[in-house]
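Atoms within a ligand are numbered from 1 in the order they appear, just like the ligands themselves. Hydrogens, waters and symmetry mates play no part in the numbers below; they use all other heavy atoms, side chains included.
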Amino acid sequence: MNNEIKLFCPATVANVACGFDVLGFCLDSIGDEMVVRKTKEKGICITKIEGYDLPLEATKNVAGVAAIAMYEHAQPDCGFEIEIYKNIKPGSGIGSSAASAVGIVFGINELLGRPYNKTQLTYFAMKGEALASKSEHADNLAPALFGGFTLVKSTLPLDILEIPTPKELFATLIHPQIEIKTSEAREILPKEVSLKNATTQWANVGSLIHALHTNDYKLIHRSLEDIIVEPYRKQLIPHFDDLKFAAMQAGALGCAISGSGPSIFALSKGKDIAKRVEKAMKSMYSKTDIAYNTFVSTINTKGINIINP
Ligand code: ADP
């Protein structure tokens with residue numbers, strides 16, 4: 001059995017418009033890399049982080065916290081050291097901390113001969129995510145581990161559903177270079193919702209799931225609507241309405257905030273339209289004085305994967 005593994009830890013989009021805190025999908029154009037190595041010395045040690053300035057101390061890093069949770073459960077007779085090569089900017093809204101949490105639990109599991117299934121791995125990774133967002137949630141973790149679209153039916157007990165991905169679906173992402181604290185994005189949300197809005201929202205979630213199962217792109221278009229969270233959170237993202245309008249005019253099926261923002265995603269049928277949406281987003285945001293970057297990605301149906309040496 002190998003003593004070392006190198007991984008691609010993908011970025012993810014949580015919420016997917018109507019599915020606040022439960023839906024997510026996996027990207028493949030961007031992700032971190034991670035090396036996990038068995039050591040004779042017991043314990044968890046993060047030896048290197050490149051790309052962004054994050055704590056090496058295991059208890060202050062989501063990868064370390066997730067690793068410790070799993071390590072305490074597995075009680076192996078070895079230790080693990082971790083190298084993290086970050087490409088996903090922390091706080092960009094595309095699951096930077098989730099990529100690290102998923103990477104470490106997946107890596108350790110492989111090196112131990114796969115004693116845990118993916119749902120159990122998600123449980124350990126949630127302990128790490130809690131460090132970043134103060135709450136245990138799995139809407140970025142599940143798509144990073146399972147790939148494709150996922151729905152977290154419940155976190156207690158953890159129940160994750162894998163939803164099929166229509167083949168021609170492409171994502172376009174824009175990341176305005178502004179900072180939104182996850183805590184601020186949570187505080188701005190209403191504590192209660194009206195029954196009328198709740199009804200509309202769960203109709204949209206149900207129809208989106210049906211559309212993904214039946215490759216019904218027109219229904220995806222009609223379902224990608226968030227009337228509960230977006231009206232509040234969009235206030236934190238300058239020019240959100242103009243950007244969404246530009247994406248929809250360019251042919252996107254839908255456009256919404258990725259996770260708690262500031263990244264915004266659009267879904268399109270076919271790569272050409274996704275590229276056209278990217279162009280429209282760029283042309284709109286270039287009129288502002290906010291720096292940004294964009295990319296187009298297929299939906300990554302495999303999730304986290306091992307990079308061949
Ligand atoms: P995103 O908006 O990309 O989803 P997150 O909310 O996932 O960002 O997490 C970012 C927060 O988690 C930052 O405060 C960051 O300092 C902290 N953090 C701790 N460890 C890590 C890690 N290994 N990778 C990314 N962020 C981490």
| remark: Hits for ring pair (Phe, Tyr, Trp, His ring centres under 6.0 Å) against Phe25, two or more places apart or cross-chain, chain-then-number order -> Phe149, Phe265

| field | Cation-pi, Phe240 ring and Lys234 (6.0 angstrom, 45 degrees) | value |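 Checked: cation-pi criterion not met.
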
| request: Not counting sequence neighbours, which residues clear salt bridge (Lys or Arg N to Asp or Glu O under 4.0 Å) with Lys127? List them please. | output: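 Lys127 satisfies salt bridge (Lys or Arg N to Asp or Glu O under 4.0 Å) with Glu136 once adjacent residues are dropped.
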
Go ahead and list the nitrogen or oxygen contacts between ligand 1 and the protein that come in under 3.5 Å, distances to 0.1 Å, or just say none.
unit_1, atom_1, unit_2, atom_2, d
ligand 1, 2 (O), Ser92, N, 3.4
ligand 1, 2 (O), Gly93, N, 2.7
ligand 1, 3 (O), Gly91, N, 3.4
ligand 1, 3 (O), Ser92, N, 3.3
ligand 1, 3 (O), Gly93, N, 3.2
ligand 1, 3 (O), Ser96, N, 3.1
ligand 1, 4 (O), Gly95, N, 3.2
ligand 1, 7 (O), Ser97, N, 3.1
ligand 1, 7 (O), Ser97, OG, 2.3
ligand 1, 8 (O), Gly91, N, 3.0
ligand 1, 9 (O), Ser97, OG, 3.4
ligand 1, 20 (N), Asn61, OD1, 3.4
ligand 1, 20 (N), Val62, N, 3.1
ligand 1, 23 (N), Asn61, OD1, 2.8
ligand 1, 23 (N), Ser100, OG, 3.0
ligand 1, 24 (N), Lys86, NZ, 3.0
ligand 1, 24 (N), Ser100, OG, 3.4

| task | Give every residue pair that meets the ring-ring contact (aromatic ring centres under 6.0 Å, His included) criterion with at least one member in residues 26-75, sequence neighbours excluded. | result | His73-Tyr116, His73-Phe124

| task | Salt-bridge test for Lys6 and Glu4: reply yes if a basic N is under 4.0 Å from a carboxylate O, no otherwise. | result |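 Not counted as a salt bridge, because no side-chain N and carboxylate O are separated by less than 4.0 Å.
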
| field | Carboxylate-amine/guanidinium proximity below 4.0 Å for Lys118 and Glu162 | value | no

